[in-house]
Structures are given as structure tokens and as C-alpha cells.
Number of protein chains: 2
Amino acid sequence: MRSLFTTLLLTFLVAIAVQAKDNKGITHFSLSSDRFTLVENGKSLPILVDENDNSAVQIALKSLAADFGRVTGTDAQIVNTPTSGKSIIVGSLDSKFIKQLIKSKKIDKLQLQGKVEKYIMTTVSNPIEGIDEALVIAGSDRRGAVYGIYELSEQIGVSPWYDWMDVPVAQNSNISIERGTYTAGEPAVRYRGIFLNDEAPCLTSWVKNTYGTDYGDHRFYARVFELVLRLRGNFMWPAMWGWAFYADDIENSKTADDMGIIMGTSHHEPMARNHQEWARHRKEYGAWDFESNKEVITRFFTEGIERAKNNEDLITIGMRGDGDTALGGKEGHDDEYVSDDAKIIALLEKICKEQRDIIKRVTGQKPEKRPQVWALYKEVQKYYDLGLKVPEDVIILLSDDNWGHVRRVPTEKELQHKGGYGMYYHVDYVGAPRNSKWLNVTPIQNMWEQLQLTYDHQIDKIWILNVGDLKPMEFPISMFLDMAWNPKAYTNENLMEHVYDFCAQQFGASQAKEATRILNLLCKYNGRSTAEMLDHGTYNLQNGEWEKVVNQYTKLEAEALRQYMSLADNQKDAYKQLILFPLQAMGNIYEMYYAQAQNLYYASLNMPEANTWADRVEECFQRDSLLCADYNKNMANGKWDGMMIQKHIGYFSWNDNFPKDTCPKVIRVANPNSSDIVFLPKNGVVAIEAQHFTSSADATSGAKWTVIPDMGRTLSGVALMPYSKETAGAKLEYKLRISNAPEQLPIHFLLNSTLPFKRATGHRFLISINGGEKTEVNFNKNLNENPENVYSIYYPTVARRVVAAKANVKVPANSNGVLTLTIEPLDPGMVMEKIVVDLGGFENSMLYGEESPIQVLM
Amino acid sequence: MRSLFTTLLLTFLVAIAVQAKDNKGITHFSLSSDRFTLVENGKSLPILVDENDNSAVQIALKSLAADFGRVTGTDAQIVNTPTSGKSIIVGSLDSKFIKQLIKSKKIDKLQLQGKVEKYIMTTVSNPIEGIDEALVIAGSDRRGAVYGIYELSEQIGVSPWYDWMDVPVAQNSNISIERGTYTAGEPAVRYRGIFLNDEAPCLTSWVKNTYGTDYGDHRFYARVFELVLRLRGNFMWPAMWGWAFYADDIENSKTADDMGIIMGTSHHEPMARNHQEWARHRKEYGAWDFESNKEVITRFFTEGIERAKNNEDLITIGMRGDGDTALGGKEGHDDEYVSDDAKIIALLEKICKEQRDIIKRVTGQKPEKRPQVWALYKEVQKYYDLGLKVPEDVIILLSDDNWGHVRRVPTEKELQHKGGYGMYYHVDYVGAPRNSKWLNVTPIQNMWEQLQLTYDHQIDKIWILNVGDLKPMEFPISMFLDMAWNPKAYTNENLMEHVYDFCAQQFGASQAKEATRILNLLCKYNGRSTAEMLDHGTYNLQNGEWEKVVNQYTKLEAEALRQYMSLADNQKDAYKQLILFPLQAMGNIYEMYYAQAQNLYYASLNMPEANTWADRVEECFQRDSLLCADYNKNMANGKWDGMMIQKHIGYFSWNDNFPKDTCPKVIRVANPNSSDIVFLPKNGVVAIEAQHFTSSADATSGAKWTVIPDMGRTLSGVALMPYSKETAGAKLEYKLRISNAPEQLPIHFLLNSTLPFKRATGHRFLISINGGEKTEVNFNKNLNENPENVYSIYYPTVARRVVAAKANVKVPANSNGVLTLTIEPLDPGMVMEKIVVDLGGFENSMLYGEESPIQVLM
């Protein structure tokens, strides 16, 4: 998505001869005689096109006519002869109308001739006999025209994602544009595309549910191609796990060519043949081994080139092992891979020569006339580094590490390679350490930074992005293709403006700022770990890190939910797809493993909290399935059924060969109690929740120790109830492990701010260590309305319901190791909430800090 | 709200003679011949009532008939003569039909006679000539009958909060109940009610917007009375700031009496007169001083008793100063209050005697025949403690501290006082340390615990709750009145079941568990501090406490929003009133002051973060007004317009005498930079975000240091860009303050997991301290697919996009105090994210801990 600001910036950068009148958006949803009217009272201008212009132009125009219909309610009319009045005129340089305009100097030939995939969009008076004024969209070639057409679609309010992300189209019955000339210039990268990969089970299920086919047919691919073209891509690698693009549906290749998409085959599928075309005939064909089975393989290759000889498809050359593995290696066992390098290099060069001979034979031209690519993916890069020769004209496709980091750039010397370089980049990956197939986990900054690295090293012939099932990779697809058009338009400073423009296109300007902020943080947080890699040990439980990262997700979810509620109903599906679902789904996985970490911790201590956290794990696991079911079955009225069925819980190796999502293991404590625990110092204190006493004695009067869950500021309160009974005989005991205890320990207490309702001079308890001297603590003696207390102590304390008390408690000699703290109430109404033993690190605060680490007492 | 479980429990506890068939809910929304049919195909049974029974019964019956209409679409018919078939028969012991049923022994006289406010609800065959079977609701007195009537309303699905909280009524066309006899027994507390107080600006504005009156008229009060009766209250103190219940609308007192509500006047309004009745005539009446103006005051008192002599109203006696101040004191200056105790005690006793003489004169009976109350509020309690005599028959009203803690209970000896004791309790307060008028801040546990204390000390004659504007105190009102009926039904263990029952009544059983959890935590969190008391210093910023409490609110909000989205549309208003609004509103206030705390911290350091946080403060301030506007204007179609206009931001003393909510002060930094900062150790480390360098030098090649916001796991990444240029000359410097630095410091680095794209043996930087020996760090030498690295290092690292590195760096001699860390890249592509100097406290984690405290370098 490109805002007009960018468009015009490009105008100046790339095509300085083109004048722009205004650097604001050209589209207005109102009319003015100053501006050129596209739609008036719901009626769109007719679109004039030469019927002999390229099919790609005709097909894109049908989309544009329908887009006018999406906006106005009535499709625009496409005409092949001029109609009087105003018009839109569209064509490539092959169009007779465009030729006529160039001839009459109504448009500038120099702007287009010899250019690649460039359009100009310009208002012209009396362009052609009978037409008063026209908006002319002229392309340097067929794709130039197509991009101009889809630029106009965007300008009238149709997002490239209207179909694939259900972005609603705002209704307007009047549209005008500023008169002037606009262009996006030429693309920085020659081949810009996406690779549908790892397409089972999601994409394949969705296709089956949607089209009833076990493969992607031309109806499916036409929708993908349209998206790619709307995003100004021109290139694609088709899905190849179980599908064979060329073989499954003979219309597939034709549709690509008709629409203007250049097809390729993936890094390991040479000679315009799909891997499945071999795999389905393995018995018949024999081994995928060029040395032992050269004749069959050569015929296989030859058929590929024969099929592709009349289209633009980019030919992949080279060879990997059978099914995207290393030559001589074994899938999933990269660490065991050894090879006879020299031998394989010689073999690869031999294969390459044979492949180019085939190209020459079939096309009847020198092989360098037909664009080719050799992918230095995984082990192939090693051979290249060891001296593998790649023919001068062949594009060398470098790659990232499957996780978004570029493995290598050309050296100064290598830059002399005439074929130039390309980059194979991933936002989805099937492989170690774990598959990354479920959600988008690519931080915006990482893609930006590595694509800068890429472009700064002149890697600009191919940029291809592995997008998995396509959904839910909407944003990285847009960003990747946008950057492929003009990487240098994106800087560290304006990067978020790009995200803003994207969000504004999907949700409108008023929602864009907040959506941008949330989308950015979502990508950032998701970048820390995939769902597939997460487990209870990913973050540090003890230092609060686990809680922190879970909180970050939860905060973002709250903010996204606020925004979701503020959206118009027809925007909600798109928002769910882009932001809310991935955020809730990933946040929930975080919460689940965090709960598991807590469960395991408390289970190790035999404490009752273990069971609460076990429940939480199971609730999260259940919620995961509900969120995914909502995506598949409810969202957009079930349009995306099957698209969100990827397993993502229960990985134990890189692969997802486990039957189904599996709830993380939890441990339930059958007879929980806190009697065997001891608290350890941390950061200079031992902080204890009052509920975690190791033993207690009720009062002889019958008053009983009562835990009041959630009483007070943190965990709970512990009180001897009822208060109308005597307290004698009652006590609570706590254990803590301290080495080198001083003679006296300062101990802080947080209690409910019980007033001295019974003993006006204050209610008291005794505190002692290891049976030593008892210190009396009167915790509420100042909680009264005496003038000296009322404002300074009484009001501020009672209004917050908690009172702090402190005692210096004698530690008997030889009390190292485990100390026992004993609390004995002397008056009723003591509700103990928290106890903090100060070893020098006590900080005043409302909550008196986190509870200290606990161990089982040995 | 009482579930039938509770009802039946009460049956056994209080009225063991009554048999219950089933301890499950009696109501079924289907029919069965086993059960008694109340509604069939939308048609409700007729309700038979004696037209001469008390008006309270007649009025409540009208509600019940309408409640049947709310459920079925058609109101039930009220008849005064038996109709053939089945019926509902309702009445007090005064009803001729009930008398007839007692006479025919169809109902057990002993269950009702001499009982207080008790009903029995029982199915009776052939109760009266012509009726086959009836559900009989019989009351021991008029309120007993009313409570039985409203119990049936609840059972058919009408919440007591259907009007005051917009709880939707589920539609049902068939309703039957289990045959049997049910009762809730007698109430534990004699007078159970609420006090509308502090009613400006919210309640007064809402009344003005709703009724057009400048006072609460009988239409308004009738709605309040109905609520109180549905909740089984019987008592009220009316609003008295600017309104005069008795004087404003002559129908008010009559309406109360007709409906069965016992009125009182507040603790400082003696003799059934509203304070406003005096205040409005102060010029005419003179001083509110019994000594100097006895005659006028006596007449004023006398008029009150004359007006109330024929109703049940409870007479407040005693006297405070003019307008709820201490006798001889000054409002808001409690700390300056001094009095001549003996003199005032004598005066009060004299006043009391005079008041009782008036009662005797006017009623013509001994004063002890007319129930009276004397409130020991604030200073009055002191006089009581000093010996003030209260007549034996007068109820002594003790009180809490205005914040929910009981000030004092009767001693053993005092318990002999025949009049007994009452409790004046608050969930709203105007006074020090700050008003608490905006939201409910009473934790459920606190109210439970203190009301247990209350009841355990035999304080059971009056329980009156100060509820402010009534809204948004829905839950505490319900809980208080429920507990007033039977405090001992609520234990620490079943407390949440009560909340569950309440939530199930408002939102249905399927939503009740989660609503209970959220409501409980909301009350708990809100109990820590009122919005009015909060400021940037309330929580500890440096140790993360502020963030923690904000996160708790945000987490709860996310959970509430999830639930809100899952509700039926007609449930959303009620949920917003009870949970979502108070949660979002208070959470937002927390976030605002937290942002202010951050703003002030970073402003003190002159760092750019100050401005981001300043923006956040302002956004929160703005959001507060939007949330309140939504409550007033949109929620429930604007039904509650004016109810949420309480000022709550900008308090500087206890009182809200500031013109309007005021955005907390923020400091914007005009020329922010980080050049003057120094990091301090905390918890054994110094952790530095890479962006916080104090100085930097770009490379001589032109490559520049570039901060990439949000790159990496925490704050940002810092990179020298473009990577295609040489790095020589570039450096970053950081400052930290360490005393007693060791000879060598272990330093950890988190960097982007840049691969060795340029230098296959790894990319390097130098690190040095105070210009000392430079240590070379090669951060990515193992990030390759060599067999020994690929699974153990490469995959796990690149998949998480961050690589850790470590160096032991020499510290030059005499380097105590401020150390300067210098980082110099030797190869391109270093993206530094975080630097952690280990002083012994380093813990491995994903995020490498929180950034250490910062000071301005002196």
C-alpha cells in the first residue's frame, strides 16, 4: 500500500520530469470543477480500452470496473470505442489509444518507452476525438498498466486486501481527483513475489472447503494473482507440498500468463517442473538421481521447458535432493549431513550445463536469453562458497536463514556477476528448531533492517517471500512487496508511517494510529518466540519475567479489544484477521505456558496454588481451540474455514508429526499444604504472604484461624474468627532460611486496618523467633480520631484499609539456618496479610513487594 | 439476591417446621404435572388479593403482575375474588384469604403469627372454594408479604436490579415451580436500609434530567423504595444535602408509608426533620443552638414528630452541629476540634430529655413506645465513652470510620442496653483524607469481615449503608442488605458463592463464574486506593510496583472485555454498569498517574521518554472523559444521564472544591538527550538499553548510528547503517556508576542475531572501560550451519532473532565512580539491544531484566 505522499515522492525521485500539483491525496469524495470527476451521483466514468491490448490489462480493468461497483453500487462500464464526455482511458504502450495519445503528444513518450512496469496516471484535455477530458492510465508495458489500474482502485478506496482480508469498501457516490500527472516510477527489484509453502493443512483445507478441489485450481490462483498484482508484485512460486501448479490444472499457467504473473518454481524444483510432477510418478521415473537416472530426468526437465517456452516464467536451475532436502542428505537431519563436496560440485555443474542445453534446444535461443535462477539455499551456498560456478547470466538467489536473517551478501568481486542476485526470504518455515507455521512472528523492524541490508548489497533481481498459507501473513506480504518496489523509501524514522498508511487503508485514518501501535507491538512480541517453540521454561518465572511478558500481551489485547469495540461492524472481520486473532491467540499461548510454569513450581512445593494454575492451563488450552474455531467458523461468516487449523501446542521436535494439539502437562496436588515450606531471602528481604504459615494453633476459646481469600492488597488475609471470642492459645508459624542472622531482625507487617474496636489503646500481637523473646506489636494504637492522629495517620490509613506495623525482633543465639517466626494475637481482629523480614533490602511500597522464593524444607 | 439454595438453607436454620421438597431451584421454565404451573403458553395465573390488605401488599403485587409481564409479554391479572382453576394467593395476616387459609389449616398459623417480616410460599390444594390449587404467599405482616411477592419475582427471572441496573429479563412462556413450602425466615437485623448521601452532583443531576425536579419527588423515591424492598430492606435515610424529603414533596412520606418503607433521618438530623428544613429557614429560625434558641428548635422538633406520629418512621434523637459537623466544631477541620466535654455532654442529655418529652407530648404515649435512635457518629462516640447517658430504649447507632471499619463494639456490660445497637456503615464518603464519591472501592472481603464483626457483637438493630448516589454501588447495596437478612449465611468459604449467585442473577449462570472472579478482583484492586487519593507517588515506580498494579487492572480489563464481547446485546448495559465501566474507568486513572510518574522520572533525567509519557497522561485524561460520557450519554440509551459526572481528578485537599477534573501536571522536555545520564547498579547488575548511550561517533565512511525503535526484545536496537559501508571510527559510549569495581567486569550483550553475512568467521566489536584494554567480542561466529552448531546454537538462536554475547572486560586501576563503556564495531551489521554489566546478580533470562535506575550525571 502506498499513500499518495509516497507516490508523489517517487515521482520526484524516479521520474523528475513528471509534475505533481499537490503532495496530498488526490482522491476526494466530493466534486469540484477544479478537479477531475470520476464518479458523480453514483455513476462512474466509462473506461476506454483497446480490445487488442494485453489480456493482463483487460483482466485488471474488469477488477477496476468491479471496484467502482464496490464503491458506488454499480460497476463502471468498459468500452472499446470512445464515448462523448469524460472518460478513463487505460492501456499499455501496445494500446492504439495510448499510441494515439503519444503521437498527439498528449502524453510524454519518454515517460514510458523503455521503462519497466511503469505507469503514468494523468488528466488530459481532449485526449481523443469526442472525449472532452480523460484520466489516462498508460503503462510502459502490460504490468505497468495493471499497476496503474490498481493504483486507481486504491485511490477510490478499494484495499488490495478487500478480498483476502475482508477489508470493507466505503461507499461513495462522488469521487474526483486532483488534475495532474502521477507515477510510482519503476520498481527497484526485478522479480517481486511470494511463495505459497507449507500449505497443509491450512491452505489445502481452505481450498478444499472453498473450491472443492484437492489442489489449487485457476480460480484459486487467479485470486492470489490479483492480490499480488494489486500489491505490485509480479512473481510467484506456487505451493508444492502436495500440489503441482502446472499439472493440476492446465488453466493455472495460462491464467498466470494472462494476468501478467511470472511464475517460477521453488528453489529445489528445477526446470519449470513441480516437485509433485516427479513425486507422483516416482515408481515410473525411478530415482531423483541425475547420475543414475539422467535420461529420465533430462526428459522431465525438457518437458518443463517445452511447456514454459512461450511465457515469461523464470526458470529455476540447479538441483537439490528429492523433496527439498540436501543432495545426499536426509530431511530433518541437517546435523548429520556430510558430503563429498568436490564430487557434488562437479555434479551440479554438469547438471547445470545439461539444463542450459535443454533450454537452448527447446527455445532455439542461447540459454542466456531465457532468465534463470539458481538458489543458493542451505547446502548449495556452501558449494558456491567452495567454487561452484554459476553461469554469468543466471540470477544467483541468496537466502535468509529461514528466520529472516540474510545469510550472506555478494562480495565486491561477486557483484560483477552479470545475472545479479536475489533474496529468498521467510515469514513461515517448516524446519528446525520448530516449525513456524501458525502465526506471523516477524517483527516489522527485522524485515526492514534485513531488507535494507539486502538492497544495500545490490541484491535486487529477485525478492521472493515464503508466506506459508498466505494467511495470516497479510501485513508482511504487503510490507515485503512494498519494500521490493522501493526499499529506500523506508527509513528507521518513517517506518511506522508506512505501517500507519497500511492500517489507514484497512481501517480508516481515525483508527490507524492505534492500529499501527498495536500491530507493531504484536509483531515485536511475537518475534521473541514462536508459539511452536514456547514452553514453560522459555521465560524466567522467579524474577517475574514470565509474568511481565504475559502482561505485555494482555495489555495489548485490552487495547486491541477497546479498539475492536470502537470499530464499525463491517471492519471487525479485517481487524480480527490482522490484529485481534493473532494477538489473542498468541497471548493465550503465553498465558498457558506461564500457568504451566506456575503449576510446576507450586506442585514442587506441594502447595494448593498448583491446582489453581493447573485449571488455568486447561482453560487456556480450551480457549485456544475456541479462538481458532471462531476464526474458521464464525469470522467473516466462515469464509476462512480451514485456514486456522495448524497444530501449535505439543511440539516435541521440529516437526508437527503429533496427532493434535495437546494440553501441556500439569501436576495436580492431591493433598496440598504449606507445612513443609521455607522462604528464602531475595533482594534483601524475605516477604511472606500470611496465608503461607507452616503451622497454626486455634484459640482455646474456639476462635479459629480463617483464611480470607483476596482480603487485603495481595493474596489474602488470615484472621482468628469470630472476633467476639478470646484469642488465648492461638498462633501462626512461618519458616525462613537465613544465614548469618543478625541479633535483631526488623520485621514489617501489613495488616487489615482493623480499628481498636475492643481495646481503645490498641490491639496487639506477639512476635518471636525460634521461641526467643516475644516482642509486642500494637498495630492500631494510633488509628483513632485524636487530633494528633486524625489527619496524619487515621484518615490516610483507614482509607486504604491496610495498616503497616514494624517490630525489631530478637534472634536467639545459634539461630542460623531455618528460623521459625511465631505470631500470637493478644486481642481480636488481627487480619495478617503480609510479613516482610528486612535483611537490608526493604523498600517502602504499597504491596510490600513480591513474595520471596519458596523451597521445600529438607 | 438469594438463591433458592440459600432460601432453603434458611428454611432449615430459621424455620425448621417448614418442609422443603428439594434443595435445588424451584423455578423451571418448562411444565410438568409434578410441578405447579405459574405460566402456561405465556398466560400467567391470576393473583388473588384481599382489596383491604395493606397498601404495601397491593403495590408490590402490581410490581409482581408487571414482572410476569416482563417475562411473558402480558402482565398477570390481579383479582379480588377467587377465580376457578389455579391461582396465586397473596396476603399478610390481615388478608381475609390468608385468615381463611389459617382457619382451614391449609397454612400453619404458627409459621407466621408473632413473626417479623416473614413470608411462607407454599402450594395448597383446594385452598379456597372454587380454586383447585394455589401458590400461596402469606406474610406475617405487610413486609413479610412484600418480601414473598418479590421472592417470586426473582424466581420467575426478574432481578431486583432490572430497573436500577438494566438487567434484562429473560422471556419465558412456561414457568412451573416445585410443589412445597418455602420461607426465608425472619431477618437477623431489625432495620435494614440505605442512606442516599453526597447526592450532588450526580444523583441530583440525574433526577433533574429524569424527572425535571430539583429534588427527589415521590416518583423517584418510589423507584428507590421498590429496589430496597426487592432486596428485603425496610429502612431508608433520604438524601439531605440540598433536598428535604419530608418537605419537598408531601407525597414522599406517604409513598414510603404506603409501600412499607420505614424512613429515618440521618445521624445528624434529629426528630424526623430534614436538615434542609432548618437550613432553608436559617434567617427566620436563627442559630442551630439549643441553648440560645431553644424555643424555635423545640417547635422545629415538635413539628417533626407531629408529622411522623402516625407512621413507622424511626426517630433520630441527639444533635450535632449545623450541617453534619461536630457540636462546636468546624467542617473539614477535625484536627482543630476541641470541646468542653462535660458541658456538651450535659447539653446533649438535656436535648435528649427535651426530645423525648416532645415525643411523649405529641404521641401521647411513653417515649419508649416510639422507636428512636441515637447515632454515636464521630465526636458523639467520644461523649458516650465519657459517660453520656442514652435512654434504655433508644437504639445506639455505632458507626464505622466512614471507610468500612467498625470503630467500636459494645462491651459485655453495654450489651445490657435494652435498645440495642446499630451500625452506620459506608461505601461512599465525603471527607478526609479525600472524598470517596466516584466509584465503589469496598472490597467484598472487607465488608464481609466487618459485618461479621458487627453481628458477632450483637449489633443487630439497625444496619444502614451510606450509598452515595446509589449508583454505582449496586453490588455493595445488594451484599449489605443480603447480609443484614442473615449475616451468618456468609462464611469465608462460601463468600464467592454469594457473589456468584448475584452475578448469575444479573448475567445468567453461564457468565456468572467469570463475572464473579472479575467483580471480586475489581473490588479488591479498587480497595487499595480511591481514585480521588491516587497520585503519581502512590506506588513505587522504581521497583516496578506501579507497573504491576497497572498491569493488574489492564489484565482484568482484557478479561472483562472478552466477557463483554461474549454477552448478549441486552446484557451489555448491565455489565457495563456493574463491571466494565468501573474497571475501565479506574484502570485508566491508574494508567494516567503511572504515566505521570514515568513522565516526572524521565523529565528529571531530561530524556525523550518524558514526552511520550506526557502524551500518555493526556490521552488517559481524555479517555476518562470519554468513558464517563459514554456512561452518561450512550449506555442504556442515556438513561443514566448525569449519574457519572463526579469530579475525581485533581483533588488537592479532601474536598472537591475545584472547578473541574484537571489533567495531572506533566513536564515536557524541550531538548531531550541522554548525554548526561549515568546508570546505577540494582540487584547486582547494571542493565542498559543500547539506545541510552551518552555519546557516539559515526564511522568515517559515512555510516551512521541509527536507533531502530522497537527492534529486538525490549526497547530498541542501535545499528551503524548502511551495512555496506565501513565501520572504522564508529563508537558508542555508556556511563555507569560503580563503587569498588573489580579488576575485570563480566559484561553481557544482547544483539540482533545478525548472521556473519560479510565475514564468515564472525562479526566483531571491541569493548573497553575508561579507555583501557579493548576486548574483542565476536558475537556471531557460531551462527552457521556447521554440524556442530546447526541444532545446538544456530537454529535456537536465529529463530528468536537475538544472540547473546559475553566478555570479561579489564577495568583500569583507579576506575571507581563513573565508568565509561566504549563499544566499537569492527564489522558491519551489529545491532546492539541491551548491555548488562554483571556485579554478581546476573540471571539468565530472555529479556535480560529491567533497565537499571538512571541518575543525572553530576
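In what follows, chains are A, B, ... by sequence order, proteins preceding strands, each numbered from 1.
Proximity to chain A (any heavy atom under 4.5 Å) is shown, for B:W546, by neither the backbone nor the side chain. Only the side chain of B:N520 comes within contact range of chain A, judged by heavy atoms closer than 4.5 Å. Of the two parts of B:K682, only the side chain, counted from C-beta on, holds a non-hydrogen atom closer than 4.5 Å to a non-hydrogen atom of chain A. Looking at B:P756, the atoms closer than 4.5 Å to chain A (heavy atoms on both sides) all sit in the backbone: N, CA, C or O. With a 4.5 angstrom heavy-atom cutoff, A:V550 does not touch chain B via any of its atoms. Neither the backbone nor the side chain of A:Q542 comes within contact range of chain B, judged by heavy atoms closer than 4.5 Å. Contacts between B:E591 and chain A at a heavy-atom distance below 4.5 Å involve the side chain alone, from C-beta outward. Looking at B:E547, the atoms closer than 4.5 Å to chain A (heavy atoms on both sides) all sit in the side chain, from C-beta outward. For B:Y794, the part lying under 4.5 angstrom from a heavy atom of chain A is the side chain only. Of the atoms belonging to A:R623, it is side-chain heavy atoms, and not backbone ones, that fall under 4.5 Å from chain B. With a 4.5 angstrom heavy-atom cutoff, B:V798 touches chain A via backbone and side-chain atoms both. Neither the backbone nor the side chain of B:R434 has a heavy atom closer than 4.5 Å to any heavy atom of chain A. Of the two parts of B:L521, only the side chain, counted from C-beta on, holds a non-hydrogen atom closer than 4.5 Å to a non-hydrogen atom of chain A. Proximity to chain B is limited to the side chain of A:Y564, based on heavy atoms less than 4.5 angstrom apart. Contacts of A:E532 with chain B are absent, with no heavy-atom separation under 4.5 Å from either backbone or side chain. Of the atoms belonging to B:T454, not a single heavy atom falls under 4.5 Å from chain A. Of the atoms belonging to B:Q381, not a single heavy atom falls under 4.5 Å from chain A. Both the backbone and the side chain of B:T538 come within contact range of chain A, each with at least one heavy atom under 4.5 Å from a heavy atom of that chain. With a threshold of 4.5 angstrom between heavy atoms, B:M496 does not approach chain A through any atom at all.
Under the 4.0 Å criterion applied to side-chain N and carboxylate O atoms, A:E850 and B:K548 are assigned as salt-bridge partners. Looking at B:E557 and A:K555, no side-chain N of the basic residue comes within less than 4.0 Å of a carboxylate O on the acidic one, giving no salt bridge.
A donor-acceptor pair under 3.5 Å is formed between the side chain of A:R528 and the backbone N or O of B:R713. Side chain of B:N492 to backbone of A:V707: a donor-acceptor contact under 3.5 angstrom is found. With hydrogens and angles disregarded, no donor-acceptor distance shorter than 3.5 Å links the side chain of B:E545 to the backbone of A:G849.
Listed here is the closest heavy atom pair of B:G712 and A:K524: O-NZ, 3.6 Å. The nearest pair of heavy atoms linking B:M711 to A:Q445 is SD-CB, 3.6 Å.
Of the N and O atoms on the side chains of A:N540 and B:N844, not one donor lies less than 3.5 Å from an acceptor on the other residue.
In this structure, B:H457 has its ring center no closer than 6.0 Å to that of A:Y723.
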